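Inspection log for the structure reproduced underneath, given as structure tokens.
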Amino acid sequence: MNEMFQGILSWDFIASGIRVTTPILLAALGALIAESAGTPNIALEGIMLISAFIGVIVSGFTGSLWLAIIFGVIVGTLMAAILAYFALKLKTDIILAAIALNIFASGGTIFFLAMLTGDKGSSASVNSLLIPNVTIPIIDKIPILGDILSGHHSITYVAIVLIFVVQYMMYKTPLGLRIRAVGENPDAAESVGISVVKTRFIALMLSGFLASLGGLFLSMGYVSWFARDMTAGRGWIALAAQALGGLNAFGVAAGSFLFGFTEAVSYSLQIFDIPYEFTQSLPFIITIIVLGIYAWRKVKASGKLNVSNSSVGPTEK
Amino acid sequence: MKKVLIVILLTVFVLSAFSATRVLNLINGTLGDKSFFDSAERGMVMVQENLGLETKTIEMGYNPSEWKPTLEDMSDSGMYDLIVVGTWQMVDTLAEIAPYYPEITYIIYDTDMPFDKGNLDNVYAMTYKQNEGSFLAGALAAMVSTDPDFEYSNPDSKLIGMLGGMDIGVINDFLVGYIEGAQYVDPEIRVTTSYVGAWNDPAKGKEFTLAMYRQGADVVFAVAGETGNGVLEAAKEMDRWSIGVDSDMQLIYEEKDMEIVNHMLTSMLKNVDQSVYRAVELYLNDELPLGTTEALGLKEGAVGLANNQYFDKFLEENPDIAERLDELEQMILEGEISVSSAFGMTNEELNVIRDAAK
């Protein structure tokens, strides 16, 4: 038992939780923007996957880290633009278009991987680059605080900053207001001269941009190669984290950290005599409990028992 | 004259079509798994080059609904005399289809078949004694773990680890051998086990492995497909040891990152290629024991530690370890050591072994 707590309560464990959270957080922030605009983006999984792939391939073949990051982000954003084009201009169902993109991402990355490297499983033979970790001077010398604050991956710091940026953008800038307006009531927004299509286009592209950073983190930091379907459901977990946090960036961040840390706990717990079926379902059990407590408090606070489920779900239309 | 020519040509064509054995390798996934599918494909190349047979490989993808119709179509086409399939996921499909095509011989690798039903006289199944190879991997891990001369070892804690893809029979067969091998060398060694629950999530595999290293394990055996590559990365990051599986992973990474290679002891190979080649050869000599499952181990060269230049160098530098491994291998070959298998074990029996080692 003592060993167990040593495992969980170590600073390494916190670092582990932060690592697990980073890709989920970025994609969840993307989900937040898309959801706010009333155009749920369930292609996050595929966008992350493609960016992860592009980052590895570009850095492997050009040897330039910056090119890899730029291309990874551009292609990820383009994927979201394609989704927006299909959904907004061609009026296809956005869910179906996103599913198609996810399938394309899975198959397409394998196809191009095989074409470029002759390997359909992973880019283990490609000498790709890593986006470095950041050691903050001075702070890293302080015990405990240094362990918590310093030494994380660059994209992790970017993700933390982006929580505030997204929150500021959504609630303090005209763009954020427009995004929320077209999400709340597109007709009303249209009537005051906001272009619904344009605003949603921007929102989806922003969500693609954020998800692509999550993808780059996976293949250029977390591990140093691209592997087939390596996002492994993180894009979907991000959607759940967004639903948990609602349309508030801090709430979404809290939801992402909850997922990340319960998952990190489940890794550490497996070492002990706890059935692995249980440790694997732990993140989801905790999510249900938290959602339950959250909903219960909302109901209590509003003093009504038959409040609709809008209190925890995404936008009300 | 023209007619004669046509007849001759037709005869030649028909004869050639019937004489050369044509072998089909049906993969219920895609190539590039760095594991048994790639290995089976290498076996097909050997069959083609050394035995001169016509071979073809079809990748059916990971969608199970595609597998049965493909196997049925290919069997029905009459173009193949020998069809090779693999993994436990194909057992039901093959058991359903094989009885309809008695003229075709089916070889299935890495799984048992329900031969007691009695209608599968055209099927030959091979399983691998991964427990034997893992025994050697476990013994090696234990020796390295307790040796203070190695920079990456942590002799204070007698703990090694294994990362499994899922809690299933094949993976636990690796585990049982690994535990037995480690504890044969040093009864005090403990083995910690984690299952990721996914075959394609190297990031999660890395995270699980870091947790094991933090707990004090210094060698982790990666038995988790693509997920297992995360182990190699974790070993590099934490300056600990890793052991690969199925393919020679040191050779896969040598072009990319020597740091990963240097943190690997070796890989425990499962030579599907050799075994497929052997089965086809037996088939050509009419010696293939159809209607049975054969368990192939160290003796048949179906499993074993990868003898690449890196591991050879390691053994050269550590002659006592090399000697001990040779000795253990001989003892397994001669039957002096019989390694337990997770197949046929109940869950309770397995849990006893697993928990006792923790």
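The chains referred to below are lettered A, B, ... by the order of the sequence lines, with proteins before strands, and numbering in each begins at 1. These numbers come from a predicted model, not from an experiment.
- For the 3.5 Å distance criterion, the side chains of B:Arg214 and A:Tyr267 fail to qualify, holding no donor opposite an acceptor.
- Neither the backbone nor the side chain of B:Met238 comes within contact range of chain A; no heavy atoms are under 4.5 Å apart.
- Of the N and O atoms on the side chains of B:Glu207 and A:Tyr222, at least one donor lies less than 3.5 Å from an acceptor on the other residue.
- For A:Trp225 against B:Glu233, the heavy-atom pair with the smallest separation is CZ3-OE1, 3.0 Å.
- Contacts with chain B were tallied for A:Ser219, A:Ser266, A:Ser224, A:Ser128; A:Ser224 has the most, counting heavy-atom pairs under 4.5 Å.
- Here B:Asn229 is the residue among B:Asn229, B:Ile252, B:Thr193, B:Asp257 with the most heavy-atom pairs under 4.5 Å with chain A.
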Original post:
Do A:Val126 and B:Glu255 pass the side chain to side chain contact (heavy atoms under 4.5 Å, CB included) test, and can you show the C-alpha distance, the side-chain angles, and the key distance before you say yes or no?
Top reply: CA-CA 8 Å; A:Val126 178; B:Glu255 277 174 44; over 6 Å; no
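- For B:Tyr62, the part sitting under 4.5 Å from any heavy atom of chain A is the side chain, from C-beta outward, and nothing else.
- Looking at B:Glu254, neither its backbone nor its side chain comes within 4.5 Å of chain A, counting heavy atoms on both sides.
- Within residues 241-250 of chain B, no residue approaches chain A closer than 4.5 Å by heavy atoms.
- Heavy-atom contacts from other residues, nucleotides or ligands closer than 6.0 Å to CZ of B:Phe311 number more than 12.
- With sequence neighbours left out, the salt bridge (charged side-chain N to carboxylate O under 4.0 Å, His left out) criterion links A:Asp229 to no other residue.
- Looking only at heavy-atom pairs under 4.5 Å with chain B, the residue among A:Ala232, A:Ala227, A:Ser125, A:Ser16 that has the most is A:Ser16.
- For A:Val223, the parts sitting under 4.5 Å from any heavy atom of chain B are the backbone and the side chain alike.
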Subject >> Audit row: B:Glu226, A:Met230, side chain to side chain contact (heavy atoms under 4.5 Å, CB included) steps and yes/no >> reply: CA-CA 9 Å; B:Glu226 193 62 63; A:Met230 74 183 301; over 6 Å; no
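- Ranked by heavy-atom pairs shorter than 4.5 Å toward chain A, the options B:Pro202, B:Ala203, B:Gly225, B:Gly216 are led by B:Ala203.
- Note: B:Asn200 CG to A:Thr231 OG1 = 8.0 Å, rounded to the nearest 0.5 Å.
- Summarising the geometry of B:Lys204 relative to A:Arg234, their closest heavy-atom pair is N-NH2, 3.8 Å, with the distance given to 0.1 Å.
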**OP:** With side chain to side chain contact (heavy atoms under 4.5 Å, CB included) as the test, would you mind laying out the steps for B:Thr30 and A:Arg228 before giving the verdict?
**Re:** CA-CA 11 Å; B:Thr30 55; A:Arg228 172 167 52 84; 4.2 Å; yes
